[in-house]
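A quick write-up on the structure given underneath.
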Number of protein chains: 2
Amino acid sequence: MEYTVQKLGKLAGISTRTLRYYDEIGILKPARINSSGYRIYGQSEVNCLQQILFYRELGLSLEKIKEIMSDPSFNGTEALIKHREKLLDKKKQLELLIENVEKTIASSEGRMTMTDQEKFEGLKQKLIDDNEKQYGKEIREKYGEETVNQSNIQLKNMTQEQYEEVTRLGDELRAALSEAFKTGDPAGELAQKTADLHKQWLCFHWSEYNKEAHAGLAQMYVDDDRFKQHYDKDQPGTAEFLRDAIQIYTGTKL
Amino acid sequence: MEYTVQKLGKLAGISTRTLRYYDEIGILKPARINSSGYRIYGQSEVNCLQQILFYRELGLSLEKIKEIMSDPSFNGTEALIKHREKLLDKKKQLELLIENVEKTIASSEGRMTMTDQEKFEGLKQKLIDDNEKQYGKEIREKYGEETVNQSNIQLKNMTQEQYEEVTRLGDELRAALSEAFKTGDPAGELAQKTADLHKQWLCFHWSEYNKEAHAGLAQMYVDDDRFKQHYDKDQPGTAEFLRDAIQIYTGTKL
DNA sequence: GTTTGACATTGACGCAGCGTCAAGGTGTAC
DNA sequence: GTACACCTTGACGCTGCGTCAATGTCAAAC
């Protein structure tokens, strides 16, 4: 069976312009040119076009497709088997994305909440490997033991850099709090700097900051025994001190 | 949680350039600009970006995404439900494509054959509806009864125009054959024109034409009872006449 | 025989969606 | 202080075609 541009275009679902372009860049030349200059495609060109479209579907550039297919060691069947695998990967990712959309629907209806990280699941391409194999592992090896990970803080929201920044900020906060406590003055410069650091640290975990919530959290550090024990561990009275400093910082007394 | 360009980029798996571009075309503006001119994104921008990427995944242009999302009647949840459906469609198409690749593998190993039409299954996007609902139905209503459809001719290879052309050619062939038969001369002008028409008709079904095969087919018209009955239906002896004409035309006597 | 209409051809320009420099300001860590 | 990683705004370039425009071809219809 022989095809003109339009016939082949309709068969394959592409435009004649696309076929002209493929001829131009030398990725798919017609079998022959007839006496009137028309492009005539044959059976092998049909098969070649199919391969090209397979690769295109996988997102490869035409340049690379050309390179691959003109490689003398190119093995059609082998390539197809690889295609199949890649397509199965793509299917998995699509299923992830569908799951994501379903979660987002549930979240928009208030039936559940999503971390920012979860919101982009299935939208990133290859990062899934890197993220989970390399990144995820390293992170867990480095920081896996920290108790803060077991708290209600949603660290999954963060990229590695953010994680490092927030832990650094946490260290700074602890040091500043310890020093400030020694001054005994919750209104003093050091204590107010501590309160500011606490706010910064908090902003990593809260989508919206407001003074009332900040002061409320500070009060909870005193009321909730788990928090109180944590802050008072080295220097008893620290939880109250931090609360006072924050109440002064925010200008909010409950 | 607040994000700078790079942090948001890493979260969503896109480049900072992309975020700048989205700002430039007004599809995703940062929540605010800090004192140094840095773009700062907030929670609602994260959600908005997610929506944008959902739409982008479906292949919409940024222009249309902007249009849709800035529409005051835009309903997020409703859009998500539509997203889900489209993604399921996409998944179906992907499964089709995978099936196609598997078939192609089988075909390359000689375990089966594929029509040209089948080779592009799953690569065309929306045509599946149109083709099967409209086109396929009409065709079948028009030509469904023709016995030629039940023969070994792979009509599925053709687009509608090709189908029409080949049936027209078939009509022409039958008429010419009938007239030529009346002359009684297989070497005559009419008979030779008939043989030529037969060749043309044949070229729609064979990927490669050669005289020997043509003559062989002509012989089969006489030897195979099904074909003989078909051609001799109106004028007995037509099958032999056509064979003789073709043998003269091709210069091949078996 | 010519005219119509659907096909084909080769340019050429344009567009989306960024990638990729360049030249410079910012901010924090050692 | 200085190194370094981040941010900014241009500006140019690239891919993969869409979309004219101007022109030639061919089968069918008048």
Side-chain angles (χ1 to χ4, degrees), chain A residues 2-10 12-30 32-41 49 52-53 55-67 125 159-162 164-169 171-172 175 197 200, chain B residues 2-10 12-30 32-41 49 52-53 55-67 125 159-162 164-166 168-169 171-172 175 196-197 200:
Chain A
E2 297 200 318
Y3 299 91
T4 59
V5 276
Q6 199 159 74
K7 286 175 187 177
L8 183 55
K10 283 204 176 164
I14 57 178
S15 73
T16 61
R17 178 67 179 91
T18 301
L19 284 170
R20 288 210 317 100
Y21 182 64
Y22 286 1
D23 184 5
E24 190 184 329
I25 65 171
I27 196 174
L28 182 70
K29 298 237 172 231
R32 61 188 178 85
I33 307 286
N34 78 3
S35 59
S36 319
Y38 288 19
R39 292 175 178 81
I40 307 294
Y41 297 89
L49 178 57
I52 291 169
L53 296 186
Y55 278 112
R56 202 181 63 166
E57 190 71 12
L58 293 175
L60 277 84
S61 73
L62 297 180
E63 190 58 33
K64 270 192 185 159
I65 296 175
K66 187 181 167 186
E67 201 178 298
Q125 301 96 318
T159 62
Q160 182 159 7
E161 288 81 357
Q162 286 165 24
E164 282 166 4
E165 200 175 341
V166 77
T167 48
R168 186 186 54 73
L169 209 58
D171 288 343
E172 223 176 303
L197 278 170
Q200 282 181 44
Chain B
E2 296 199 318
Y3 298 92
T4 59
V5 276
Q6 199 160 75
K7 287 174 186 178
L8 183 54
K10 283 205 176 165
I14 58 179
S15 72
T16 61
R17 178 69 178 91
T18 301
L19 283 170
R20 289 209 317 100
Y21 182 64
Y22 287 0
D23 184 6
E24 189 183 329
I25 65 170
I27 196 174
L28 182 70
K29 299 236 172 231
R32 61 189 179 82
I33 307 287
N34 78 2
S35 57
S36 320
Y38 289 18
R39 293 175 178 81
I40 308 293
Y41 297 89
L49 178 57
I52 290 169
L53 295 185
Y55 277 113
R56 202 183 63 165
E57 188 68 21
L58 293 175
L60 276 85
S61 73
L62 297 180
E63 190 60 32
K64 269 191 185 158
I65 296 175
K66 188 180 168 186
E67 202 178 296
Q125 301 97 319
T159 62
Q160 183 159 8
E161 288 81 358
Q162 287 166 22
E164 281 164 6
E165 200 176 340
V166 78
R168 187 186 55 71
L169 209 58
D171 288 343
E172 225 178 300
D196 189 60
L197 278 170
Q200 283 180 45

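Chain identifiers are assigned alphabetically (A, B, ...) following the order of the sequence lines, protein sequences preceding nucleic acid strands; residue numbering begins at 1 within each chain. Predicted model, so just to flag it, every value in this text is computed and none were measured.
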Using heavy atoms to find the nearest nucleotide of DNA chain D for A/Ser35 and A/Thr16 separately, return the residue whose nucleotide is more 5′. A/Thr16

In short, B/Pro30 meets B/Ile40 closest at the heavy-atom pair CB-O, 3.5 Å

Distance-minimising heavy-atom pair for A/Arg56 and A/Tyr22: NH1-OH, 3.3 Å

Of the nucleotides C/dT9, C/dG19, D/dC17, which has the atom closest to the B/Ser15 side chain? C/dG19

Rounded to whole Å, CD of B/Glu24 lies from C1' of D/dC12 at a distance of 13 Å

Looking at every non-hydrogen atom in both residues, tell me the closest pair between B/Asp23 and B/Arg39 and how far apart they are. OD2-NE, 2.7 Å

Distances under 3.5 Å only, N/O to N/O: pair up the protein atoms with those of nucleotides 12-17 of chain C.
from, atom 1, to, atom 2, distance (Å)
C/dG17, OP1, B/Leu62, N, 2.9

Hey, what do you get for CG (A/Leu53) to CD1 (A/Ile14), rounding to the nearest 0.5 Å? 5.5 Å

Quick one: is A/Thr4 getting a side-chain N or O under 4.0 Å of the C/dC7 phosphate, OP1 or OP2? no

Between C1' of C/dA8 and CZ of A/Arg32, the distance in whole Å: 14 Å

Tell me the interatomic distance from B/Asn34, atom CG, to D/dC6, atom C1', rounded to whole angstroms. 12 Å

State which of D/dC7, D/dC26, C/dA8 makes the closest approach to the side chain of B/Gln6. D/dC7

When rounded to the nearest 0.5 Å, the distance separating CD1 of A/Ile52 from CD1 of A/Ile27 is 4.5 Å

Just compare C/dG27, C/dC18, D/dT25 and give me whichever is closest to any side-chain atom of B/Tyr38. C/dG27

Over all atoms of both residues, closest heavy-atom pair of A/Gly9 and A/Leu19: N-CD1, 3.8 Å

Check: residues 57-67 of chain A side-chain donor-acceptor pairs under 3.5 Å, at least two apart:
from, atom 1, to, atom 2, distance (Å)
A/Ser61, OG, A/Lys64, N, 3.2
A/Lys66, NZ, A/Ile25, O, 3.1

Separation of B/Leu19 atom CG from C/dC18 atom P, in whole Å? 10 Å

How many Å lie between CG on B/Leu8 and C1' on D/dC7, as a whole number? 15 Å

Between P of D/dG16 and NZ of A/Lys66, the distance in whole Å: 12 Å

Between C1' on C/dT9 and OH on A/Tyr41, what's the gap in Å once rounded to a whole number? 12 Å

Atom NZ of A/Lys7 to atom C1' of C/dC7: distance rounded to whole Å? 10 Å

